[in-house]
Amino acid sequence: QVQLVESGGGLVQPGGSLRVSCAASGSNSSIYAMGWFRQFPGKEREFVAAIHWSGGRAYYGDSVKGRFTISRDNAKNTVYLQMNSLRPEDTAVYYCNARLGVVLKDYWGQGTQVTVSS
């Protein structure tokens, strides 16, 4: 089974920065893309950012464009999300996503809490 382990979440002041990481392991399938989603209680999971593994083209949700940057380390099967200029409304559980294989299949991490508050 594929394991996705997130790290780096926590409490940060408004206007501050945080970097979350997600490492994928346990699969021989190739990575097509990895990314991040976030979820508020009682709401649908919301797209934050994604990056194609080959080429590194990045995509962002409208709410985070210009503030968040996604990057990858192919050798480590790890994706990062650098979050700058954080706002209280960014408070959510952030979930790592990996899209693997030729017939694309999505896998999810357990989530890491990001709280933006004074």
Side-chain angles (χ1 to χ4, degrees):
Q1 285 92 336
V2 176
Q3 295 181 57
L4 300 177
V5 180
E6 300 105 331
S7 62
L11 177 65
V12 64
Q13 300 268 83
S17 297
L18 203 64
R19 190 182 78 159
V20 291
S21 304
C22 175
S25 64
S27 177
N28 197 38
S29 298
S30 62
I31 299 173
Y32 174 76
M34 292 185 72
W36 294 91
F37 290 70
R38 64 186 182 184
Q39 191 167 23
F40 308 100
K43 299 185 73 175
E44 293 278 328
R45 199 165 291 186
E46 174 187 278
F47 174 74
V48 176
I51 188 165
H52 282 109
W53 225 242
S54 297
R57 180 174 290 182
Y59 304 85
Y60 297 95
D62 289 340
S63 63
V64 306
K65 286 179 180 176
R67 299 189 298 121
F68 292 9
T69 302
I70 190 168
S71 61
R72 77 203 195 282
D73 186 333
N74 300 71
K76 295 181 179 180
N77 287 349
T78 298
V79 65
Y80 306 92
L81 184 68
Q82 179 67 45
M83 299 179 284
N84 298 325
S85 302
L86 283 162
R87 307 163 180 166
E89 52 264 41
D90 293 317
T91 297
V93 178
Y94 284 72
Y95 292 93
C96 178
N97 166 262
R99 183 164 286 181
L100 306 182
V102 177
V103 179
L104 301 177
K105 185 176 181 179
D106 286 325
Y107 298 85
W108 297 92
Q110 291 293 112
T112 186
Q113 177 71 44
V114 173
T115 301
V116 185
S117 180
S118 298

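One-based numbering along the sequence shown.
- Summarising the geometry, atom CZ belonging to R38 is positioned 13.5 Å from atom CZ belonging to R45; distances are rounded to the nearest 0.5 Å.
- Residues L100 and V5 do not share a hydrophobic cluster, defined by chaining ILVMFWY side chains whose heavy atoms lie under 4.5 Å apart.
- Under the 4.5 Å side-chain heavy-atom criterion for Ile, Leu, Val, Met, Phe, Trp and Tyr, I70 and W108 are members of distinct hydrophobic clusters.
- The backbone N or O of W53 sits less than 3.5 Å from a side-chain atom of N74, completing a donor-acceptor pair.
- Note that CZ of F40 is 8.5 Å distant from CD of E89, once rounded to the nearest 0.5 Å.
- When all heavy atoms of T91 and V116 are compared, the closest pair comes out as OG1-N, 2.9 Å.
- Taken from CD1 in I51 to CD1 in I31, the straight-line distance is 11.5 Å, to the nearest 0.5 Å.
- Of the possible polar contacts, one joining the E6 side chain to the Q110 backbone as a donor-acceptor pair under 3.5 Å is found.
- Here the closest non-hydrogen pair linking G9 and V114 is CA-CG2, 4.2 Å.
- Separation of atoms CZ (F47) and OH (Y60) is listed at 9.0 Å; rounding is to 0.5 Å.
- Pairing each heavy atom of V93 with each of G111, the nearest pair is CG1-CA, 3.8 Å.
- Interatomic distance, S7 OG to Y80 OH, rounded to the nearest 0.5 Å: 8.5 Å.
- The minimum heavy-atom distance between V79 and C96, with the atom names listed, is CG1-SG, 4.1 Å.
- Residues S63 and E46 approach most closely at OG-OE2, 3.7 Å, considering heavy atoms.
- When the side chains of ILVMFWY residues are joined at heavy-atom separations under 4.5 Å, either directly or via intervening members, V2 and F37 end up in two distinct hydrophobic clusters.
- Scanning all heavy atoms of the two residues, the minimum distance from Q82 to S17 falls at NE2-CB, 3.8 Å.
- At a threshold of 4.0 Å, the pair R87-D90 does not count as salt-bridged, since none of the basic side-chain nitrogens sits closer than that to a carboxylate oxygen.
- Side-chain N or O atoms of R67 include one that pairs as donor or acceptor with a backbone N or O of S85 at under 3.5 Å.
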**L11/S117 under side-chain contact (heavy atoms from CB on, under 4.5 Å): CA gap, chis, key distance, verdict** = CA-CA 7 Å; L11 177 65; S117 180; 4.1 Å; yes
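- N84 contributes atom CG, which lies 8.5 Å from atom CZ of F68 (distance to the nearest 0.5 angstrom).
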